[in-house]
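Report on the structure given below.
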Amino acid sequence: MSYRAVQKAQSNSDCKAAAATAAVAPSATEGSNAHASALPINETSTASEVSPITAVNNKAWGRVQLFYHDNIGLFFVFLAQICASIMAMTTRLLETGFDAKLHALQIIFVRMLVTATIGSLYLWRKKVPDFPLGPPGLRWLLVIRGLAGTLGLFGLYYSLSFLDIADATVITFLVPTLTGFVCWLALNEPFTIAEVCAGVLAFGGVIFIARPGFIVSHLPFGHVGNDMDAPADSPGQSNMNSIRVASGIFKPVPSTPAERSVAVVCAVVGSFAAATAYATIRVIGKRVHSLVSVNYFAVLSTLTSFLALVILPDIGFKVPQSPEQWLLLLSIGFSGFLLQVLLTEGLQRERAGRATNMMYVQLVCALIIERVVWGTVPPVESFIGSALIIGAAVWVSLRKKAPAPAKESQVLDEETPLLNDRED
């Protein structure tokens, strides 16, 4: 073999070895890359695998968020009822618990002045749209909401001068029935025979709470006599309002049958006005910021009560005579602001049926307050009247939640679906 042939054979052998090396090298590189990439992939897949504890926590947190979303409106209404009970207690103390007794109009003026001031400053600072007058097309509804709310507030506060908190509170539960009546008058919505019967039943409960002598005197458990000469703070003593069962922080306040009857009438008129205000809030819906609606109510209540105090000089302003009175009076303004915000936010987020049912918590709070502060419990007539009123309200609520017959899905206007509880 020649030298050229040997060199050529060696060259071919080197080329094959190089080719083999080149062929093996990518394989090794790919294997190395595959191994290197396999580790991140395994690590990623391991990280993406959710542990059982994490899965349970995520599921639990999802349920908490769902519960929050479904019930936050109801919770707002619940807090509003607690605030309302505390405010009722404070109002009755200011009207009856001190030597310098304040009139309901003065309490409304102070409360709403504080509420209007806080609300206006907040709305101005936050630059809330449509402050202070609201959207042009809804201002008349806001005025109705404010004036109706003012009348409803006066009816409640004045009745607290002569009624126990529980009795004054339970009369406000006429609102569901009266709301249906208001919608029937204003929007031509149906007011069924069942609702009429529930209304009659509820007003029968009001009669039991009023306890007129010509009816209650014929009952074996009637408390007609005022017993004004008997000590009102003796255990078991009836003072026309309630029965004292233990020592409280304050002594029970007696009232005459005439005073009680007038107070009941004011409370019923106030409930009708409140029903009008609630119906208007439902009509307005979320088209107006809740604080703009509250501010309308506060400003109109402040102006109305101030004008009444000026026009009626026999009432006038009375300066609180003790730090306790000042503290109670100023606390009403702050708690009243919270009440209106919580109630408005709750009604805008929650269906009318559930929100109305939550309002019955206020009666439980009122009974607890009566027992602790005055050491009293309502007589049998009040419990019967409360059962009739609450039963009528629950009946109306259940009837409205019943499945309605099929009807056209066309909505004629904006107000009807907002106010019609049958859509709940």
### Query
Are Y296 and L133 close enough, and set up right, to give a side chain to side chain contact (heavy atoms under 4.5 Å, CB included), and what steps lead you there?
CA-CA 8 Å; Y296 252 90; L133 299 179; 4.0 Å; yes
### Task
For side chain to side chain contact (heavy atoms under 4.5 Å, CB included), just list the numbers for L388 and F203, CA-CA rounded to whole Å, side-chain angles, deciding distance to a tenth of an Å, and then say yes or no.
CA-CA 8 Å; L388 291 175; F203 278 97; over 6 Å; no
### Message
If you apply the rule side chain to side chain contact (heavy atoms under 4.5 Å, CB included), what do you find for Q362 with V170, and how did you get there?
### Response
CA-CA 9 Å; Q362 188 177 349; V170 79; over 6 Å; no
### Message
As a quick check of understanding, evaluate side chain to side chain contact (heavy atoms under 4.5 Å, CB included) for I389 and I209, giving each step before the final call.
### Response
CA-CA 10 Å; I389 294 175; I209 291 176; 3.8 Å; yes
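Annotation: F383, atom CZ; neighbour count of heavy atoms from other residues, nucleotides and ligands within 6.0 Å is above 12. Annotation for I193: atom CD1 does not count as buried by contact number, only 12 or fewer foreign heavy atoms lying within 6.0 Å. More than 12 heavy atoms of other residues, nucleotides or ligands lie within 6.0 Å of CZ in F131, so this atom counts as buried by the packing criterion.
Looking at every heavy atom in both residues, V292 comes nearest to P129 through CG2-O, 4.3 Å. The shortest non-hydrogen separation linking S271 to L178 is C-CD1, 3.8 Å. The minimum heavy-atom distance linking P135 with R139 is given by the pair O-CG, 3.2 Å. For the pair V77 and G346, the tightest heavy-atom approach, listed with the atom from each and the gap, is CG2-CA, 3.8 Å. Contact between L300 and G146 at its shortest, heavy atoms only, is CD1-CA, 3.8 Å.
In this structure, R111 contributes its side chain and S335 its backbone to no donor-acceptor pair below 3.5 Å. R145 places no side-chain N or O within donor-acceptor distance of the main-chain N or O of I281, the cut-off being under 3.5 Å. A donor-acceptor pair under 3.5 Å links the side-chain atoms of K101 to the main chain of F98, judged by distance alone. Here the side chain of E95 pairs no donor or acceptor atom with the backbone of R92 at under 3.5 angstrom. Listed for the E370 side chain is no donor-acceptor partner under 3.5 Å among the backbone atoms of P378. A distance-only check finds a donor-acceptor pair linking the side chain of S159 to the backbone of L156 [under 3.5 Å]. Of the possible polar contacts, none joining the S120 side chain to the T117 backbone as a donor-acceptor pair under 3.5 Å is found. Without hydrogens or angle criteria, R371 side chain to I368 main chain gives no donor-acceptor distance under 3.5 Å. Checking side-chain atoms of Q106 against main-chain N and O of H103 turns up no donor-acceptor pair under 3.5 Å.
T150 contributes atom OG1, which lies 6.5 Å from atom CE of M112 (distance to the nearest 0.5 angstrom). Separation of atoms CZ (F154) and SG (C266) is listed at 6.0 Å; rounding is to 0.5 Å. Annotation: the span from I384 atom CD1 to I207 atom CD1 amounts to 13.0 Å, rounded to 0.5 Å. Atom CD of residue Q81 and atom CG of residue L79 lie 9.5 Å apart, to the nearest 0.5 angstrom. One finds the CH2 atom of W124 at 14.0 Å from the CG atom of N295 (value rounded to the nearest 0.5 Å). Interatomic distance, I165 CD1 to I86 CD1, rounded to the nearest 0.5 Å: 10.5 Å.
At a threshold of 4.5 Å between non-hydrogen side-chain atoms, the residues V182 and F272 count as touching. Contact check for L94 versus I332: side-chain heavy atoms found under the 4.5 Å cut-off. A 4.5 Å side-chain heavy-atom check between T302 and F109 finds at least one atom pair inside the cut-off. Two residues are said to be in side-chain contact when any heavy atoms from C-beta on lie closer than 4.5 Å; L147 and L151 fail this criterion. Taking 4.5 Å as the limit, every side-chain heavy atom of F78 sits out of range of all side-chain heavy atoms of L74.
Ring-plane geometry between F162 and Y158 is classed as perpendicular, the angle between the planes exceeding 60 degrees on a 0 to 90 degree scale with a lower cut at 30.
The only option from T169, T177, I171, V175 that meets the side chain to side chain contact (heavy atoms under 4.5 Å, CB included) definition with F173 turns out to be T169. Put simply, the residue from L93, T91, L102 that forms a side chain to side chain contact (heavy atoms under 4.5 Å, CB included) with L328 is L93.
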